[in-house]
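Below is one structure, written out as structure tokens; the observations come after it.
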Amino acid sequence: MPMLIKAVLISKGDVLEVGGGVFSTPLLHWLCKMLKRKLVTYENDKTAFDFCHQFQSHMHSVRWIENWDEMDFKRHWGVVFIDHHPEPRRAVDAINFKDKADYIVMHDTEKPWKYDYDRVWQHFLFIHHDKGCRPWTSVVSNSKDLSNLV
């Protein structure tokens, strides 16, 4: 959560949550509401979608998705938070958003073999790994220096 909060606070623009959850969705919902920023959550798990959908508002769109390739890869995002399933899809989408987000925050990066994260690093100019506690979180960017996240 600390890296996700920092990334949202130092960024501008809309926020995308790729895979909702009991921690990230409420956090992003209230943080974006406070900052008057739009938030979009995509989810493909029925239980998680039902939980996330309770946060739907005019500033927070919660969208059911069956095919991750149908996400909005055309618009630019201030922050993209990656925490969805199936696991190998996380690396695919981090790369898909590499030029469409100022900051990409990836959850569970202490398990690169499970999420295929080792494929991601070569696509980014700036990489910051937060290993202060588990699960690890990494932030990547091709447009923003990440030294301010330390």
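Position 1 is the first residue of the sequence; numbering continues from there. Predicted model only: the values in this text are computed from it and were never measured. Computed from heavy atoms alone, side chains included, the values below leave out hydrogens, waters and symmetry copies.
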Show every donor-acceptor pair shorter than 3.5 Å between a side-chain atom in residues 2-21 and any protein atom, with sequence neighbours excluded, or say none if there are none.
from  : atom 1 : to     : atom 2 : distance (Å)
Lys6  : NZ     : Leu149 : O      : 3.1
Ser11 : OG     : Ala7   : O      : 3.0
Ser11 : OG     : Val8   : O      : 3.0
Ser11 : OG     : Arg37  : NH1    : 3.4
Ser11 : OG     : Arg37  : NH2    : 2.8
Asp14 : OD2    : Arg75  : NH2    : 2.1
Glu17 : OE1    : Thr25  : OG1    : 3.1
Glu17 : OE1    : Thr41  : OG1    : 2.7
Glu17 : OE2    : Ser24  : OG     : 2.6
Glu17 : OE2    : Thr25  : N      : 3.2
Glu17 : OE2    : Thr25  : OG1    : 2.9

Set of residues satisfying side-chain contact (heavy atoms from CB on, under 4.5 Å) with respect to Lys144, sequence neighbours excluded: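 By the side-chain contact (heavy atoms from CB on, under 4.5 Å) rule, Lys144 matches Asp102, Tyr103, Ser141.
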
So, using side-chain contact (heavy atoms from CB on, under 4.5 Å) as the criterion, who are the partners of Arg63 when residues are at least two apart?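 Residues passing side-chain contact (heavy atoms from CB on, under 4.5 Å) with Arg63: Val40, Tyr42, Ser61.
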
Hydrophobic cluster membership, [X] vs [Y], 4.5 Å side-chain cutoff:
X: Ile104; Y: Val120; value: yes
X: Met71; Y: Val92; value: no
X: Ile95; Y: Ile127; value: yes

Test side chain to side chain contact (heavy atoms under 4.5 Å, CB included) on Phe126 and Val139 and set out the steps. CA-CA 8 Å; Phe126 304 102; Val139 183; over 6 Å; no

Is the shortest distance from a Lys or Arg side-chain nitrogen in Asp83 or Arg90 to a carboxylate oxygen in the other one below 4.0 Å?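 Looking at Asp83 and Arg90, the cut-off is met.
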
Could you measure the distance from the [atom1] atom of [X] to the [atom2] atom of [Y]? Nearest 0.5 Å is fine.
X: Asp99; Y: His76; atom1: CG; atom2: NE2; value: 9.5 Å
X: Ser138; Y: Phe124; atom1: OG; atom2: CZ; value: 11.0 Å
X: Glu87; Y: Tyr117; atom1: CD; atom2: OH; value: 9.5 Å
X: Met106; Y: Thr137; atom1: CE; atom2: OG1; value: 9.5 Å
X: Lys98; Y: Leu125; atom1: NZ; atom2: CG; value: 9.5 Å

Can you check side chain to side chain contact (heavy atoms under 4.5 Å, CB included) on Thr109 and Trp121, steps first, answer last? CA-CA 11 Å; Thr109 54; Trp121 317 130; 4.1 Å; yes

Show the nearest heavy-atom pair for residues [X] and [Y], with the distance to one decimal.
X: Val79; Y: Val105; answer: CG1-CG2, 4.2 Å
X: Val80; Y: Trp77; answer: CG2-CB, 3.7 Å
X: Pro135; Y: Asp108; answer: CB-OD1, 3.3 Å
X: Val62; Y: Cys52; answer: CG2-O, 3.5 Å

Could I get the full list of ring pair (Phe, Tyr, Trp, His ring centres under 6.0 Å) partners for Trp64, not counting sequence neighbours?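 Ring pair (Phe, Tyr, Trp, His ring centres under 6.0 Å) check on Trp64 returns Phe49.
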
With sequence neighbours excluded, what pairs up with Trp136 under the ring pair (Phe, Tyr, Trp, His ring centres under 6.0 Å) test?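 Result, ring pair (Phe, Tyr, Trp, His ring centres under 6.0 Å) vs Trp136: none returned.
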
Give a yes or no on whether the backbone of [Y] and the side-chain of [X] come within a donor-acceptor separation of less than 3.5 Å.
X: Asn142; Y: His123; answer: yes
X: Gln54; Y: Phe51; answer: yes
X: Asn44; Y: Ile65; answer: no

Is it true that, when you exclude Phe23 itself, more than 12 heavy atoms of the residues, nucleotides or ligands shown sit nearer than 6.0 Å to its CZ?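 Atom CZ in Phe23 is not crowded, with 12 or fewer foreign heavy atoms closer than 6.0 Å.
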
Over 60° means perpendicular and under 30° means parallel, so classify the ring planes of His84 and Trp68, tilted if in between.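 The arrangement is perpendicular - the two ring planes meet at more than 60°.
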
For Leu146 and His129, what are the C-alpha separation, side-chain angles and deciding distance, and is it a side chain to side chain contact (heavy atoms under 4.5 Å, CB included)? CA-CA 10 Å; Leu146 302 177; His129 299 292; over 6 Å; no

Kindly determine whether Asp93 and Lys100 satisfy salt bridge (charged side-chain N to carboxylate O under 4.0 Å, His left out), including the steps that lead there. CA-CA 11 Å; Asp93 290 322; Lys100 295 298 181 181; over 6 Å; no

Per-pair distances, 0.1 Å, donor-acceptor, side chain in residues 26-36, under 3.5 Å, sequence neighbours excluded:
from  : atom 1 : to    : atom 2 : distance (Å)
His29 : ND1    : Phe55 : O      : 3.2
His29 : ND1    : His60 : ND1    : 2.9

